[in-house]
Amino acid sequence: MSVNPDKMDLPPRGELFDFHGVSMTHYFTDNWENVQNFQARPDDILIATYPKAGTTWVSYILDLLYFGQTALERQTSIPVYERVPFLELTPPDSASGTDLVNNLPTSPRLIKTHLPVQLVPKSFWEQNCRMVYVARNAKDNMVSFFHFDSMNMMEPEPGDWNNFFQRFLDGKMVFGSWYDHVNGWWKKKQTYSKLHYMFYEDLIEDTGREIDKLCCFLGLSPSAEEKKQILACVQFDNMKNNNMANYSTFPSMDFKISPFMRKGKVGDWKKHFTVAQNEEFDEDYKKKMKDPTLQFRTEI
Ligand code: PPS
């Protein structure tokens, strides 16, 4: 995506509509034919998440694991959203996600998606690609999404917090219901062995341990020194201050409203949920989250 430092030409906000049973905006469906026909390569790595679950964090970790030692210029001059393109995004006046991926010079190619599992282009499955799914507890995910929709002009109007809270429970968000998303990918893990399912809360608790698990899944063995460097680079404050990781060059975001790297915490929902909302949420959650094997932590 081209850089627009003045951010003068803000795109119109996307409107939600039903797309194969999932709420979407045109920014993620305009290029659908190319998305669905996208030709994956066997060594492509798909990083899949519900929006605001830790995509950028894990993208940056993978980018450093693969290219941190060899491609130094990449680290200082190419923003993470270009190194790890967003497959289904069609931003106004700049290259589509599929074009960006097709022009990636790297091997493997690291590819970001927010698609629910049933909408992932079939060649990823046919090529037996590795996939990393990151999930975040619904309460913090909702809060992060609310602030993101406020500051990103491509997103639908968030409305006030009470309204947003209700829409989240109803699954009327871009990329659909959180509940369907995390469950759909979790179920897939039972039959597709090349899927590593990880949790934002675990990453917060022990980033090094989670990087070790990722390396095991990917067949990588970084040196102790390399791992130490990566751990330092991906700390929240370092990413927040790194213009190549913090989205400050992304045209549609207004950091005066909220920064992309906002809090980076588990439990921030407590500052947003009222007692009544928390009760309503917990009641509704029990009805929707029936699989006892999928457990989230809302505090650590
Ligand atoms: S997006 O727009 O869907 O790609 O957003 P995504 O990257 O998935 O999620 C953004 C949230 O992840 C937080 N984040 C981090 N937390 C802790 N440590 C690190 N290094 C880190 N990097 C990103 C980011 O701050 C957003 O969460 P909130 O709660 O809004 O702060």
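Start at 1 with the first residue, then count along the sequence.
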**OP:** Classify the side-chain pair Asn31/Thr98 by whether it contains a donor and acceptor separated by less than 3.5 Å.
**Re:** yes
Subject >> Side-chain donor-acceptor pair present, Glu88, Thr113, cut-off under 3.5 Å >> reply: yes
Original post:
Is the Phe255-Tyr247 ring centre distance short of 6.0 angstrom?
Top reply: no
Original post:
If we ignore angles and hydrogens, is there a donor and acceptor under 3.5 Å between the side chains of Asn152 and Ser252?
Top reply: yes
Subject >> Heavy atoms of other groups near Lys288 NZ, more than 12 under 6.0 Å >> reply: yes
Subject >> Lys270 atom NZ, neighbour heavy-atom count above 12 within 6.0 Å >> reply: yes
Subject >> Phe86 ring center near His114 ring center (under 6.0 Å) >> reply: yes
Subject >> Joint cluster assignment, Met198 & Leu115, ILVMFWY side-chain distance < 4.5 Å >> reply: yes
Original post:
Does Asp63 pair with Arg74 as a salt bridge, N-O distance under 4.0 Å?
Top reply: yes
**OP:** Could you tell me whether the side chains of Asp160 and Asn163 share a donor-acceptor contact shorter than 3.5 Å?
**Re:** no
Original post:
Side-chain donor-acceptor pair under 3.5 Å between Gln69 and Glu225, yes or no?
Top reply: no
Subject >> With Asp268, the side chain to side chain donor-acceptor pair (under 3.5 Å) member among His147, Lys263, Lys139 >> reply: Lys263
Subject >> Working for ring pair (Phe, Tyr, Trp, His ring centres under 6.0 Å), residues His272 and Phe165 >> reply: CA-CA 10 Å; His272 293 73; Phe165 173 88; over 10 Å; no
Subject >> Over 12 non-hydrogen atoms of neighbours within 6.0 angstrom of NZ in Lys265 >> reply: no
Original post:
Linking I/L/V/M/F/W/Y whenever any side-chain heavy atoms sit under 4.5 Å apart, do Ile78 and Met239 land together?
Top reply: no
Original post:
Parallel, tilted or perpendicular for Phe273 and Trp269, by the 30°/60° rule?
Top reply: perpendicular
Subject >> Residue Lys122 excluded, over 12 heavy atoms near NZ under 6.0 Å >> reply: no
Subject >> Geometric cation-pi criterion Lys188 and Trp185, 6.0 Å radius, 45° cone >> reply: no
Original post:
For Phe296, which of Trp178, Tyr200, Tyr50 qualifies under ring-ring contact (aromatic ring centres under 6.0 Å, His included)?
Top reply: Trp178
Original post:
Checking Ser223 side chain against Glu226 main chain: does a donor-acceptor pair fall under 3.5 Å?
Top reply: yes
**OP:** Check the pair Arg297 / Asp202 against salt bridge (charged side-chain N to carboxylate O under 4.0 Å, His left out), numbers first and verdict last.
**Re:** CA-CA 9 Å; Arg297 293 188 286 170; Asp202 291 348; 2.7 Å; yes
**OP:** Flag this pair as yes if the NZ/CZ of Lys52 is under 6.0 angstrom from the six-membered ring centre of Phe145 and inside a 45 degree cone about the axis; otherwise no.
**Re:** no
**OP:** Following the transitive rule for hydrophobic clusters with a side-chain heavy-atom cut-off under 4.5 Å over Ile, Leu, Val, Met, Phe, Trp and Tyr, establish whether Phe281 and Val143 coincide in one cluster.
**Re:** yes
**OP:** Look at the side chain of Asn103 and the backbone N and O of Asp99, then say whether any donor-acceptor pair between them is shorter than 3.5 Å.
**Re:** yes
Original post:
In terms of heavy-atom contacts, does CD of Gln190 have more than 12 from other residues, nucleotides or ligands at under 6.0 Å?
Top reply: yes
**OP:** Classify the side-chain pair Asn102/Gln39 by whether it contains a donor and acceptor separated by less than 3.5 Å.
**Re:** no
**OP:** Verify the distance criterion only: is there a donor paired with an acceptor across the side chains of Trp161 and Gln277 at less than 3.5 Å?
**Re:** yes
Original post:
Does any donor atom in the side chain of Asn243 or Thr249 lie under 3.5 Å from an acceptor atom in the other side chain?
Top reply: no
Original post:
Taking the six-membered ring for Trp, is the centroid-to-centroid distance between Phe124 and Phe38 below 6.0 Å?
Top reply: yes
Original post:
When you measure from the side chain of Ser144 to the backbone N and O of Asp140, does any donor-acceptor pair fall under 3.5 Å?
Top reply: no
**OP:** Check the angle between the aromatic planes of Trp186 and Tyr197 and answer parallel, tilted or perpendicular using the 30° and 60° thresholds.
**Re:** perpendicular
Original post:
Can you list the steps and then say if Phe236 with Trp57 is a ring pair (Phe, Tyr, Trp, His ring centres under 6.0 Å)?
Top reply: CA-CA 9 Å; Phe236 180 77; Trp57 197 2; 8.3 Å; no
**OP:** Classify the ring geometry between Phe28 and Phe175 as parallel (under 30°), tilted (30 to 60°) or perpendicular (over 60°).
**Re:** tilted
Original post:
Is it true that Arg130 and Asp43 make a salt bridge, defined as a side-chain N closer than 4.0 Å to a carboxylate O?
Top reply: no
